[in-house]
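Let me begin by presenting the structure, written as structure tokens, before commenting on it.
Sequence lines set the chain letters: A, B, ... in the order given, protein chains first and strands last, and positions in each chain run from 1.
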2 protein chains.
Amino acid sequence: MNDARANTIVDIAHLAGVSKSTVSRALNDSPLVGAETKQRIREIARQQRFQMSDPARRLSLGQSHVVALVTYAYKADDTVPDAFMLETMSGIASGLHAEGYDLLVIQVSPTDTDWVRRYLQSGRVDGFILLAASCTASHIQTLTEANASFVIWGGASGSHNYCSVSGDNFAGGKVATEHLLRRGRSRIGFMGGPAREPEVRERYRGYEVALRDAGKSVDPALVTYGPFSLAWGTKAVVALLEQASDLDGLFVTSDAVAIAAMEELRARGLRVPDDVAVVGYDDVALARHSAPPLTTVRQNGPLAGRLLAENLIQHLRTGAVTNVSIPAELVVRESA
Amino acid sequence: MNDARANTIVDIAHLAGVSKSTVSRALNDSPLVGAETKQRIREIARQQRFQMSDPARRLSLGQSHVVALVTYAYKADDTVPDAFMLETMSGIASGLHAEGYDLLVIQVSPTDTDWVRRYLQSGRVDGFILLAASCTASHIQTLTEANASFVIWGGASGSHNYCSVSGDNFAGGKVATEHLLRRGRSRIGFMGGPAREPEVRERYRGYEVALRDAGKSVDPALVTYGPFSLAWGTKAVVALLEQASDLDGLFVTSDAVAIAAMEELRARGLRVPDDVAVVGYDDVALARHSAPPLTTVRQNGPLAGRLLAENLIQHLRTGAVTNVSIPAELVVRESA
DNA sequence: TCATTCATTGCAACCGGTTGCATCATAGCA
DNA sequence: TGCTATGATGCAACCGGTTGCAATGAATGA
């Protein structure tokens, strides 16, 4: 190996004729080094294509500059893989990157809470990003007890002492329902996801308020909850039609499920939107190309990701707790 | 802070009345420590809920036990968010996890190659997982020169000296085309993705061979390439029909694009599969619920992910270069 | 001109593990 | 009984940075 490239700050120090402290300070842009010295050292480092050892740095500084995105093992059958999820992840990654952080993706089992300790106490990560959909109360408790920094996507809007970023699910549900009302629908069904998810509850509230504002009240026969699965989309439509054959509008809190629902409607000879108008949620890429193209509520995934990243980092640095809500926008296509 | 929990191996050493070397060895299950001593130390560590410092460990060992998944910034407009991608990622994460590795997701710009050095030389990661679709020759060259461990998803099947895992794209293309032939179609179009992508080329080869085996040859008017975007799906159908109005079968190398194509066919009054039979690729979750449900070629995403992880780790440990191909399976639904 | 301040730089300890080598006690063997 | 092979443990150096404090020299002010 004639690879005499400088590999540690000591090597750089030799080349520059200074001590390693000075090199360390120069590369960290400390004001304690003279301007020309700093310049010279940095130039040498550049020529040598020098990269500081990250583990050593972490060890000294006591922080990893890594954030974990906590997920469950993804199963194609019961989760619909959002464009949204990928978009958001992309936003998270670039938001973190801009601040010099890296994104670690970890999978945890729903019943295990030990991962908090494993990742935090070992210094592998500085903080966590969780998704409300896959995040139980016990997880939150564990995180709080461990004094961890974390931020949750889609948490309840209620009072809590942790950071969160959510879509404006209430507004989204409201605008979707109002749109259906404006289209002259009077028997509007609500197909939620799991009833326990805060996102779903908020969207329901929006649905409820929109109806109330229009002088109507909610008919329980028109409301149904279930998993966010395509199979359920089909089943729910069947059940809904049995309970309320005069259904003429449908607000589904997931595009994928909405598309499955539309398929079932069609299979039963009902035309969309003529017989039943349908509004989805998420604006998945395929929504634009469904039959008919789906009217839906769009959330800005990259923005969400960026905010998650920024708020978490802010919490790491300052301890500030922020709760942000990003707007929901109705995208009108042909299904309603 | 009365938090007197043991935080370093030295604390454990005190509690156990041994030296820190012994603790280190005990926790690493070294055969150099006596059995009872090892037991005792481990028990104490458990009681203290002790976690070794990862940065310190990395610094000593010179490895990070972290692998980077290299992605480009995700843009909803020109990339179709695969279920496959998410599934594969999940497989990668659990494959890595089983071997004690973590998954870091990094975004790089197509023109930048410096990230290799930044991540590798700094010791932040031990190796890389790349996707052929977003992976230029210069990236590969840089990786090779840096002597990095890496594995590529969907690389060419040709001869190369790096690890790769791919779907059997040739077989997939062949089986899809054969299915269309079996359905009595004689004017079968090929809608590929970007012509430069190895995956696409292989699928085309399968298409070509299937036709040849059936005594037909490829009609260039039936073949078209373009980006994997939904908008292109629509446009390509228009173009194809102009060039060959007698089109009666269509093999599209992406489900999402295929769904967009079917929509356009329908818009032009052509029935699927009666007038034009369509076969897609990927078996996206929505494929089952498109109109009509899409016949497609399925790849096992979780398996792919697991193999990517395992082969990379094997390369890290032994330097072994493996090239694996996973099977492609035809899923017959109603579109063909 | 001398004392004092300030800007630079170096020294050395520290972060928390790993590991080669020395040490030591014990068991095995002649 | 004396000597060696062997297993268990400790010592101390090392991984590559960061940082408090001391030291140095020059510039400032009286």
Side-chain angles (χ1 to χ4, degrees), chain A residues 5-42 44-45 48-66 100 117-126, chain B residues 5-42 44-45 48-66 100 117-126:
Chain A
R5 272 237 301 276
N7 292 320
T8 77
I9 53 171
V10 179
D11 300 329
I12 302 287
H14 285 150
L15 288 172
V18 297
S19 76
K20 67 172 188 168
S21 327
T22 304
V23 174
S24 170
R25 294 189 179 110
L27 295 181
N28 286 310
D29 206 12
S30 154
L32 289 178
V33 254
E36 17 19 278
T37 314
K38 189 186 289 183
Q39 270 313 314
R40 188 160 47 87
I41 293 176
R42 297 193 139 199
I44 292 175
Q48 299 286 321
R49 326 196 93 233
F50 174 70
Q51 280 292 323
M52 271 201 313
S53 157
D54 184 62
R57 193 149 211 276
R58 288 193 193 185
L59 181 55
S60 295
L61 293 175
Q63 25 173 291
S64 64
H65 280 220
V66 171
R117 218 167 45 73
R118 276 207 314 280
Y119 280 89
L120 197 60
Q121 195 178 318
S122 69
R124 298 204 287 200
V125 307
D126 293 340
Chain B
R5 272 234 303 276
N7 292 318
T8 77
I9 54 171
V10 178
D11 301 329
I12 302 286
H14 285 150
L15 289 171
V18 296
S19 75
K20 68 172 188 168
S21 327
T22 303
V23 175
S24 170
R25 292 189 179 108
L27 296 180
N28 286 310
D29 206 12
S30 154
L32 289 179
V33 254
E36 12 25 274
T37 315
K38 189 186 290 185
Q39 272 311 316
R40 187 160 47 86
I41 292 175
R42 297 193 140 198
I44 292 175
Q48 299 286 321
R49 327 194 95 234
F50 173 70
Q51 279 294 323
M52 273 200 313
S53 157
D54 185 62
R57 193 150 211 276
R58 288 193 193 185
L59 181 55
S60 293
L61 293 175
Q63 25 174 291
S64 64
H65 282 222
V66 171
R117 218 166 45 73
R118 275 208 313 279
Y119 279 90
L120 197 61
Q121 195 179 319
S122 69
R124 299 204 294 204
V125 306
D126 293 341

Value rounded to 0.5 Å, distance of CZ in A/Phe50 from OG1 in A/Thr8: 6.5 Å
Protein proximity profile, nucleotides 23-28 of chain D - base contact B, sugar-phosphate-only contact S, no contact -, cut-off 4.0 Å on heavy atoms: ------
Atom pair CG (B/Asn7) and CD (A/Gln121), whose distance is rounded to the nearest 0.5 Å: 6.5 Å
Euclidean distance, B/His65 NE2 relative to B/Asp54 CG, rounded to 0.5 Å: 9.0 Å
Distance-minimising heavy-atom pair for B/Arg117 and A/Arg49: NH1-O, 2.7 Å
Shortest non-hydrogen contact from B/Pro55 toward A/Ser122: CD-O, 3.3 Å
Over 12 foreign heavy atoms within 6.0 Å of NE2, A/His14: no
Expected output: side-chain B/Gln48 to main-chain B/Leu15 donor-acceptor under 3.5 Å: no
Degree of bending in the helix from C/dT1-D/dA30 to C/dA30-D/dT1 once both end axes are built from five pairs, to 10°: 50°
Side chain to side chain, B/Arg124 and B/Val66, heavy atoms closer than 4.5 Å: no
B/Arg25 CZ to D/dT9 P, straight-line distance once rounded to whole Å: 10 Å
Touch class at under 4.0 angstrom, heavy-atom based, for A/Ser21 against every strand present: base
Close approaches to DNA chain C from residues 30-40 of chain A, in residue order (heavy atom, under 4.0 Å): A/Leu32, A/Val33, A/Gly34, A/Thr37
Heavy-atom pair with the smallest gap, counting every atom of B/Ser53 and B/Ala56: OG-N, 3.2 Å
5'-most by nearest nucleotide on DNA chain D - A/Asn28 or B/Gly17: B/Gly17
Cut-off 3.5 Å, no hydrogens considered: what does the side-chain donor-acceptor table look like for residues 31-41 of chain B, sequence neighbours left out?
from    : atom 1 : to      : atom 2 : distance (Å)
B/Lys38 : NZ     : B/Asp29 : OD1    : 3.0
B/Lys38 : NZ     : B/Ser30 : O      : 3.1
B/Arg40 : NH1    : B/Ala16 : O      : 2.8

DNA chain C contacts among residues 55-63 of chain A, heavy-atom distance under 4.0 Å: A/Leu59, A/Ser60
Side-chain (B/Asp126) to main-chain (B/Ser64) donor-acceptor, under 3.5 angstrom: yes
Sequence neighbours left out, cut at 3.5 Å: what donor-acceptor pairs do the side chains of residues 21-28 of chain B make with other protein atoms?
from    : atom 1 : to      : atom 2 : distance (Å)
B/Thr22 : OG1    : B/Ser19 : OG     : 3.4
B/Asn28 : OD1    : B/Arg57 : NH2    : 2.4
B/Asn28 : ND2    : B/Ser24 : O      : 2.9

Sugar-phosphate, base or nothing in reach of A/Val18, heavy atoms under 4.0 Å: sugar-phosphate
Nearest-Å distance for atom pair CG/C1', residues B/Asp29 and D/dA8: 16 Å
Start and end of chain A contact along DNA chain C [non-hydrogen atoms, under 4.0 Å]: C/dT8 to C/dG16
